[in-house]
Peer 1: 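Just passing along the structure, written as structure tokens.
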Amino acid sequence: MGTWGIGPFDSDHAEQFGDEVDHALPDARHAVIEERLTRYLAGGQGYRLRDEAVAAAFLVAAQYPGGADAVASGHRPKQPIPDLPQHLRPMAARALDRVLGDVQFDMDAWNRAGQREVGEQWLDGLERLRTVLDPDTPYTVAYTPGPLLRHEIGTGRALRELGVDRLRALPGYGDDRAAGQLVRRIVEAAAQLDQAHKDVQAAADLSLQALDAVRSQLHVVALGASGDFHPRDVPAYSVSPALGPAMAQRADRHRHLTALLDLYRATTAPADESPRATAARTRTAAAAAAESPSAASPPPPTAEPRAARRR
């Protein structure tokens, strides 16, 4: 069975559940949804039932304001679903509580695969659905971030400088106003810098491999074990041609992230800071942002966690 995305119906299990909902009679579709939620809440185990419960919770949330747009999912039942009974809403919220309380394994897997950002998107989608279903009741996300990978210099810097362990938990994330847009730009810029550094590492590793080969040949020459030797046999070494452009792009991404972090700090300055100082820092950060790459820079390839917390 496969999973090809992070939406509630982006897996074979969930897609088959969606087909089952489609094939049910209109006045029986609510029973199919309720049955999956009931089985999962009764302690059902396994990824199949969990995926189906998440898909069922999405169908419930979709009937409330903001639910249909809470997460992106290109795969979902094609047939219309009549108004669902009210008692399914708290059931769906409890099902997501159980999912959110056991996400560590999934987030560690995203992290090990070098896809921390994709894992964060998946978790963010679950939290959005949970908020739609029950915005007033706190819930727990049982998730301790895994160690940063070698290439995650952008994510690491943003986490350190902003004092958080999960960028998507920054105040304002998900808000369509200016503050939320700035946070999203920081998340994107950190991921872009991570990818740029990963490209540098790949080019540097190729150069080091070539240098190791040259070193071995020169060692043979130095030992006098090569016999006749002609100058044209001297091995030539050149840095991988991809290294220069990769390092230039990394520097560009680094400046871009720096400007956004400065802008974020300026716009979230303490209330007791003088208006003049705040204005000066805002102007400085805005000028730096203007010199940085556009927010429309191409995102990194589709690509990984936060201590248990209370919402």
Side-chain angles (χ1 to χ4, degrees), residues 1-15 17 40 45-55 57-58 70-75 95-131 139-160 162 164-170 173-174 183-202 253 257 298-309 311:
M1 307 302 288
T3 297
W4 56 84
I6 58 175
F9 285 93
D10 294 345
S11 70
D12 289 343
H13 297 148
E15 186 180 41
F17 167 69
Y40 186 65
Q45 301 294 324
Y47 275 95
R48 181 187 189 99
L49 187 54
R50 188 201 68 173
D51 290 350
E52 292 174 342
V54 170
F58 171 80
V71 294
S73 181
H75 304 83
L96 291 184
D97 284 346
R98 183 181 174 197
V99 175
L100 290 167
D102 190 26
V103 296
Q104 187 69 56
F105 179 84
D106 298 271
M107 299 303 291
D108 287 346
W110 287 115
N111 189 41
R112 288 193 300 271
Q115 306 287 312
R116 183 190 302 271
E117 174 62 14
V118 176
E120 293 282 2
Q121 292 177 28
W122 172 74
L123 181 55
D124 183 61
L126 293 179
E127 292 188 89
R128 285 172 178 265
L129 285 178
R130 174 57 175 76
T131 300
Y139 61 91
T140 298
V141 179
Y143 166 48
T144 301
L148 292 169
L149 300 181
R150 191 167 63 107
H151 70 279
E152 292 183 300
I153 62 172
T155 297
R157 182 184 176 195
L159 292 176
R160 289 192 304 272
L162 299 181
V164 296
D165 55 11
R166 182 179 167 201
L167 292 179
R168 290 173 178 269
L170 284 170
Y173 182 81
V183 172
R184 286 196 296 273
R185 290 177 64 189
I186 290 174
V187 172
E188 293 168 0
Q192 289 172 354
L193 178 53
D194 291 345
Q195 183 59 42
H197 187 58
K198 191 173 184 178
D199 294 340
V200 168
Q201 289 176 329
R253 300 297 190 196
L257 179 61
T302 300
E304 308 163 298
R306 173 172 185 137
R309 63 190 183 87
R311 287 290 298 262

Peer 1: Give, for atom OG1 of Thr155 and atom CZ of Arg160, the distance between the pair rounded to the nearest 0.5 Å.
Peer 2: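 Spacing of OG1 (Thr155) from CZ (Arg160) equals 10.5 Å.
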
Peer 1: Hey, what do you get for CD (Glu52) to CZ (Arg48), rounding to the nearest 0.5 Å?
Peer 2: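 Glu52 CD to Arg48 CZ: 5.0 Å, rounded to 0.5 Å.
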
Peer 1: In the structure I gave you, are the side-chain heavy atoms of Val103 and Trp122 within less than 4.5 Å of one another anywhere?
Peer 2: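 Result yes, sub-4.5 Å side-chain heavy-atom pair found.
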
Peer 1: Gly156 and Leu148: which non-hydrogen atoms are nearest, and at how many Å?
Peer 2: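 In this case the closest contact between Gly156 and Leu148 is CA-CD1, 3.3 Å.
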
Peer 1: For the pair Asp51 (side chain) and Ala14 (backbone), establish whether a donor and an acceptor sit closer than 3.5 Å, ignoring hydrogens and angles.
Peer 2: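 Absent.
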
Peer 1: So how far is it from His151 NE2 to Gln195 CD, rounded to the nearest 0.5 Å?
Peer 2: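 It is 7.0 Å, given to the nearest 0.5 Å.
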
Peer 1: Could Arg253 and Asp199 be called an ion pair, given the rule that one side-chain N must be under 4.0 Å from one carboxylate O?
Peer 2: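 Not counted as a salt bridge, because no side-chain N and carboxylate O are separated by less than 4.0 Å.
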
Peer 1: Tell me, do Asp194 and Glu117 make a side-chain contact under 4.5 Å, heavy atoms counted?
Peer 2: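 The answer is no; the side chains never approach within 4.5 Å.
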
Peer 1: From Asp124 CG over to Arg166 CZ, what is the distance, rounded to the nearest 0.5 angstrom?
Peer 2: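 Reported to 0.5 Å precision, the distance equals 6.5 Å.
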
Peer 1: Is it true that Glu188 and Arg184 have a side-chain N and a carboxylate O under 4.0 angstrom from each other?
Peer 2: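 The answer is no: the pair does not qualify as a salt bridge.
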
Peer 1: Asp97 side chain to Tyr139 main-chain N or O, any donor-acceptor pair under 3.5 Å?
Peer 2: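 Judged by distance alone, no pair lies under 3.5 Å.
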
Peer 1: Considering non-hydrogen atoms only, spot the tightest contact between Ala189 and Leu257 and give its length.
Peer 2: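 Reported closest heavy-atom pair: CB-CD1, 4.0 Å.
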
Peer 1: To check you understand the geometry: which heavy-atom pair defines the closest contact between Ala55 and Pro8, and what is its length?
Peer 2: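 Taking every non-hydrogen atom into account, CB-O, 3.6 Å.
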
Peer 1: Given side chain to side chain contact (heavy atoms under 4.5 Å, CB included), test Thr140 with Leu100 step by step and report yes or no.
Peer 2: CA-CA 7 Å; Thr140 298; Leu100 290 167; over 6 Å; no

Peer 1: Aromatic rings Tyr47 and Phe105: how do their planes relate, parallel, tilted or perpendicular, breaks at 30° and 60°?
Peer 2: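 Correct class here is tilted.
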
Peer 1: Do the side chains of Leu167 and Glu120 get nearer than 4.5 Å, heavy atoms only?
Peer 2: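 Heavy-atom side-chain distance check fails, nothing below 4.5 Å.
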
Peer 1: For a 4.5 angstrom cut-off between non-hydrogen side-chain atoms, does Leu49 reach Gln45?
Peer 2: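 Counting from C-beta outward, Leu49 and Gln45 never come under 4.5 Å.
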
Peer 1: Rounded at 0.5 Å granularity, tell me how far CG in Asp102 sits from CD in Gln104.
Peer 2: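 That separation rounds to 9.0 Å.
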
Peer 1: How close do Ala95 and Tyr40 get, heavy atom to heavy atom, and via which atoms?
Peer 2: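 Heavy atoms only, the tightest pair is O-CE2, 3.5 Å.
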
Peer 1: Please report the interatomic distance CG(Leu159) to CD(Glu152), rounded to the nearest 0.5 Å.
Peer 2: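 Here the rounded value is 8.5 Å.
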
